[in-house]
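Below: the structure, in structure tokens.
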Amino acid sequence: MSSDHGAVQIRRARTGDVREIQRFIDVYADDKILLSKPTVQLYEDVQEFWIAERDGNSGPQVVGCGALHVMWEDLAEVRTLAVAPGERGTGVGHLLLGRLVEVARELGVRRVFCLTFEADFFTRHGFRQIDGVPIDQEVFQQILQSYDEGVAEFLDLERVKPNTLGNSRLLLTL
């Protein structure tokens, strides 16, 4: 993708990108669009992230990020999908989400979940609103053992309810 500002490339995140990812999270966490995350968690999860870079006059600029977190054999979650405020509406989010869905397919995942305030964006990409947790009781009991806060949000546990109020629960079947 290109525009007046240069072409956009989607690539795997590197540890050197974590500070930029943190910057995106901090911008949107202030508005309660994304949940705040400790930097150490971003380093631990860097292999799940993809970066959008736009060619600029002073070299490539990070203009977006997104992560795919596998939760179970056939289920993954899109997390921390964010673009620079000045890049909203330019297609960068579409490119990132497309790559995350492509990775889900490569991994053999058949369903992709997201918990978001940006429901319109995701529904334009085939996600559908759901109620409850789209897994059976046996799988629920297994993933309940996860220490990951995102998994707790997916499971809709009471202890995370204040963080998820107003979010839409969406699912894409591949």
Side-chain angles (χ1 to χ4, degrees), residues 1 8 10 12-13 21 24-37 41-42 45 47-52 63-85 87-174:
M1 176 185 168
V8 172
I10 307 298
R12 278 208 170 274
I21 294 169
F24 287 120
I25 291 171
D26 291 347
V27 165
Y28 291 109
D30 288 347
D31 294 331
K32 306 251 189 273
I33 294 171
L34 289 177
L35 293 176
S36 182
K37 293 185 179 186
Q41 183 179 356
L42 296 175
D45 297 341
Q47 70 279 359
E48 297 180 351
F49 276 88
W50 290 79
I51 296 295
V63 294
C65 65
L68 183 74
H69 180 79
V70 174
M71 301 174 90
W72 198 251
E73 178 181 6
D74 68 339
L75 182 67
E77 180 183 10
V78 170
R79 293 182 173 180
T80 319
L81 183 61
V83 298
E87 294 284 338
R88 290 183 69 136
T90 65
V92 171
H94 169 77
L95 291 173
L96 279 163
L97 182 58
R99 183 63 184 128
L100 297 175
V101 169
E102 185 180 314
V103 170
R105 283 190 175 103
E106 290 169 3
L107 293 171
V109 171
R110 294 189 318 259
R111 299 177 302 158
V112 180
F113 171 80
C114 70
L115 185 63
T116 184
F117 288 107
E118 301 293 335
D120 290 344
F121 171 80
F122 285 94
T123 56
R124 285 194 308 270
H125 292 87
F127 284 75
R128 298 290 172 246
Q129 190 145 355
I130 60 169
D131 291 319
V133 180
I135 54 176
D136 63 36
Q137 189 61 32
E138 180 182 335
V139 173
F140 184 96
Q141 290 302 317
Q142 289 291 321
I143 66 175
L144 188 59
Q145 298 175 50
S146 174
Y147 293 107
D148 185 286
E149 281 299 300
V151 172
E153 292 164 1
F154 167 76
L155 295 175
D156 207 21
L157 301 180
E158 283 299 319
R159 66 182 171 84
V160 296
K161 292 273 189 196
N163 291 334
T164 60
L165 288 176
N167 279 342
S168 294
R169 303 172 71 75
L170 302 169
L171 190 70
L172 173 67
T173 302
L174 304 178

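Everything numeric here is computed off the predicted structure, so don't read it as measured data.
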Is F127 close to L97 at the side-chain level, that is, under 4.5 Å between some pair of heavy atoms?
yes

To check you understand the geometry: which heavy-atom pair defines the closest contact between Y28 and A84, and what is its length?
OH-C, 3.9 Å

All N/O donor-acceptor pairs, side-chain side in residues 102-109, below 3.5 Å, sequence neighbours left out:
{"from": "E102", "atom 1": "OE2", "to": "R99", "atom 2": "NH1", "distance (Å)": "2.5"}
{"from": "E106", "atom 1": "OE2", "to": "R99", "atom 2": "NH1", "distance (Å)": "3.4"}

Do T116 side-chain atoms and E118 backbone N/O form a donor-acceptor pair below 3.5 Å?
yes

Any chance you could measure E73, atom CD, to R110, atom CZ, to the nearest 0.5 Å?
6.5 Å

From the list L81, V101, I51, side chain to side chain contact (heavy atoms under 4.5 Å, CB included) partner of L96 resolves to L81

Counting only heavy atoms from other residues, nucleotides and ligands, does the tally under 6.0 Å from CG of D131 exceed 12?
no

Kindly compute the distance separating OG1 (T80) from CZ (F49), expressed to the nearest 0.5 Å.
4.0 Å

Which atom pair, heavy atoms only, marks the closest approach of T123 to D120?
OG1-O, 3.0 Å

Heavy-atom pair of closest approach, residues A82 and F24
CB-CB, 4.1 Å

Contact between F122 and V78 at the side-chain level, heavy atoms closer than 4.5 Å - yes or no?
yes

Looking only at non-hydrogen atoms, find the nearest pair between A119 and L170 and report the distance.
CA-CD1, 3.8 Å

I'd like to know whether NE2 of H125 has more than 12 heavy-atom contacts from other residues, nucleotides or ligands below 6.0 angstrom.
yes

Would you say the side chain of F113 lies within less than 4.5 Å of the side chain of I130, judging by non-hydrogen atoms?
yes

Least distance between heavy atoms, V27 atom then P85 atom
CG1-CG, 4.0 Å

Got a second to check how far R128's CZ is from T173's OG1, nearest 0.5 Å?
10.0 Å

Smallest separation among heavy atoms of E77 and C114, with atom names:
CG-CA, 4.5 Å

Could you walk me through whether T90 and V63 pass the side chain to side chain contact (heavy atoms under 4.5 Å, CB included) check?
CA-CA 11 Å; T90 65; V63 294; over 6 Å; no

Can you tell me how far apart CG (D45) and CD1 (I21) are? Round to the nearest 0.5 Å.
9.5 Å

Do L42 and I25 make a side-chain contact, defined as non-hydrogen atoms from C-beta onward lying under 4.5 Å apart?
yes

Mind checking the CG-CG spacing from D31 to D26? Nearest 0.5 Å is all I need.
11.5 Å

Point-to-point distance, once rounded to the nearest 0.5 Å, from CG of L68 to CD of Q47:
11.5 Å

